[in-house]
Enquirer: 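Starting off with a structure, shown below.
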Amino acid sequence: MSISTAYEARRRAEGIVFLFLFGLTIPAANWLIGHVGTVCAPQGPCLVPVAPGLMAPSGVMMIGFALVLRDLVQRRLGVGVSAGAILVGSTISALLAPPALVIASATAFFLSELADLAVYTPLARRRLVAAVVASSMCGLVVDSIVFLWLAFGSLEFLPGQIVGKSWMVLLSIPFVAWLRRRDERLGIEPV
């Protein structure tokens, strides 16, 4: 096996891992929102503190990671696989969301991931870390507004949602920067 073939196999294998992890964020977010938090309202979301005086539904942690992972899926497997993952993820989100949140969950997931894809795609080849940050921030704002409005008819938790998801994006940046440097060193090109 040549070095370029080995790198191609590594790129694909890593893409499959990112795709699998992306898929796991969806059931994890749906489970967290109903089961984990410092406050769990009856028939409402469980909340976690994301900053002093700011609370957010606990699923925000997984959504921040989902946006970053979608970018990495696209980097490794291409925009077609990434777009397909958005469609499958929206379906999974609808199937796993609590009945009262099905429309909000699936719609927010679909629109936020499309927004992420639209921002990430033109930026990714030049500045990976900036592309991940910009696209994730765009996606997390779309996700927060759409989900909160459709699920609760209120944007009361919007600041907490944005801060909570932003923490997860920021926590992933050292890994994204390391991945970019390693790819350059090994000569692994994005799809």
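Only this structure's heavy atoms are used, side chains among them; waters, hydrogens and symmetry mates stay out. Bear in mind that the values here come from a model prediction, so they are computed numbers and not experimental data.
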Enquirer: Report yes if some heavy atom in the side chain of Phe175 is under 4.5 Å from a heavy atom in the side chain of Val132; otherwise report no.
Expert: no
Enquirer: Ignoring hydrogens, what is the shortest heavy-atom contact between Gly64 and Met168? Give both atom names and the distance.
Expert: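 Closest approach of Gly64 to Met168, heavy atoms only: CA-CB, 3.9 Å.
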Enquirer: About how many Å separate OG of Ser136 and NZ of Lys165, when rounded to the nearest 0.5 Å?
Expert: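 Rounded to the nearest 0.5 Å, the NZ-OG separation comes out at 11.5 Å.
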Enquirer: Quick one: side-chain hydrogen bond (donor to acceptor under 3.5 Å, both in side chains) pairs with a partner in residues 146-156, sequence neighbours left out?
Expert: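 Sorted pair list comes back empty.
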Enquirer: Would you name the heavy atoms of Ala56 and Val50 that are closest together and state the gap between them?
Expert: CB-CG1, 4.0 Å
Enquirer: Kindly indicate whether the side chain of Leu140, heavy atoms from C-beta on, has any atom under 4.5 Å from the side chain of Ile63.
Expert: no
Enquirer: Which pair of non-hydrogen atoms, one from Leu150 and one from Ala104, has the smallest distance, and what is that distance?
Expert: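 Shortest heavy-atom separation between Leu150 and Ala104 comes out as CB-CB, 3.6 Å.
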Enquirer: Would you name the heavy atoms of Val48 and Ser58 that are closest together and state the gap between them?
Expert: CG1-CB, 3.7 Å
Enquirer: With a 4.5 Å cut-off on side-chain heavy atoms, are Met62 and Leu32 touching?
Expert: yes
Enquirer: Val119, Met137: one ILVMFWY side-chain cluster at the under-4.5 Å cut-off?
Expert: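 Val119 does not cluster with Met137.
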Enquirer: What distance separates Arg125 CZ from Arg75 CZ, expressed to the nearest 0.5 Å?
Expert: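 The CZ atom of Arg125 sits 8.0 Å away from the CZ atom of Arg75.
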Enquirer: More than 12 heavy atoms of other residues, nucleotides or ligands under 6.0 Å from CD1 of Ile103: yes or no?
Expert: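 Atom CD1 in Ile103 is not packed in, count stays at 12 or less.
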Enquirer: Nearest 0.5 Å please: distance from the CD atom of Gln161 over to the CG atom of Leu54.
Expert: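 Those atoms lie 11.0 Å apart.
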Enquirer: Taking Val141 as the starting point, is it possible to reach Ile173 by hopping between hydrophobic residues whose side chains are less than 4.5 Å apart?
Expert: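 Same cluster: Ile173 reaches Val141 through Ile, Leu, Val, Met, Phe, Trp or Tyr contacts under 4.5 Å.
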Enquirer: So do Val79 and Leu117 actually touch side chain to side chain, heavy atoms under 4.5 Å?
Expert: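 Contact flag for Leu117/Val79 side chains = yes.
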Enquirer: Just wondering, do Val146 and Ser112 contact through their side chains at under 4.5 Å, heavy atoms?
Expert: no
Enquirer: Honestly curious: do Leu87 and Val73 fall in one hydrophobic cluster under the side-chain, below-4.5 Å linking rule?
Expert: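 No, Leu87 and Val73 fall in different hydrophobic clusters.
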Enquirer: Rounded to the nearest 0.5 Å, what separates atom CZ in Arg10 from atom CG in Asp183?
Expert: 9.0 Å
Enquirer: State, to 0.1 Å, how close Ala115 and Val142 come at their nearest heavy-atom pair, and which atoms those are.
Expert: CB-CG2, 4.0 Å
Enquirer: State, to 0.1 Å, how close Leu47 and Pro57 come at their nearest heavy-atom pair, and which atoms those are.
Expert: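 Nearest heavy atoms, Leu47 then Pro57: CD2-N, 3.6 Å.
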Enquirer: Does the plane of the ring in Phe22 sit parallel, tilted or perpendicular to the ring in Phe109? Use 30° and 60° as the thresholds.
Expert: tilted
Enquirer: With Arg76 as reference, evaluate Val191, Leu179, Asp71 under the side chain to side chain contact (heavy atoms under 4.5 Å, CB included) test and give the passing residue.
Expert: Leu179
Enquirer: Working to the nearest 0.5 angstrom, can you tell me the gap between Ser93 OG and Phe110 CZ?
Expert: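 Atom-to-atom, Ser93:OG and Phe110:CZ are 12.5 Å apart.
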Enquirer: Applying the 4.5 Å side-chain criterion to the ILVMFWY set and letting contacts propagate, would Ile162 and Ile145 be lumped into a single cluster?
Expert: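 Yes.
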Enquirer: Does a side-chain heavy-atom distance below 4.5 Å link Cys46 with His35?
Expert: no
Enquirer: Side chain to side chain contact (heavy atoms under 4.5 Å, CB included) between Val176 and Leu128: does it pass, once the steps are laid out?
Expert: CA-CA 8 Å; Val176 173; Leu128 176 63; 3.8 Å; yes
Enquirer: Would you mind reporting whether Cys138 and Asp116 have side-chain heavy atoms less than 4.5 Å apart?
Expert: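 Not in contact.
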Enquirer: For the CD atom of Glu14 and the CG atom of Leu77, what is their distance to the nearest 0.5 Å?
Expert: 10.0 Å
Enquirer: So, do Phe65 and Phe18 have ring centers that fall under 6.0 Å from each other?
Expert: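 Between Phe65 and Phe18, the centre distance exceeds or equals 6.0 Å.
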Enquirer: Would you call Trp167 and Val60 a side-chain contact if the rule is heavy atoms closer than 4.5 Å?
Expert: no
Enquirer: Could you state whether Val81 and Phe20 fall into the same hydrophobic cluster, counting links through intermediate Ile, Leu, Val, Met, Phe, Trp or Tyr residues with side-chain heavy atoms under 4.5 angstrom apart?
Expert: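 They do share one cluster, since a chain of ILVMFWY contacts under 4.5 Å joins Val81 to Phe20.
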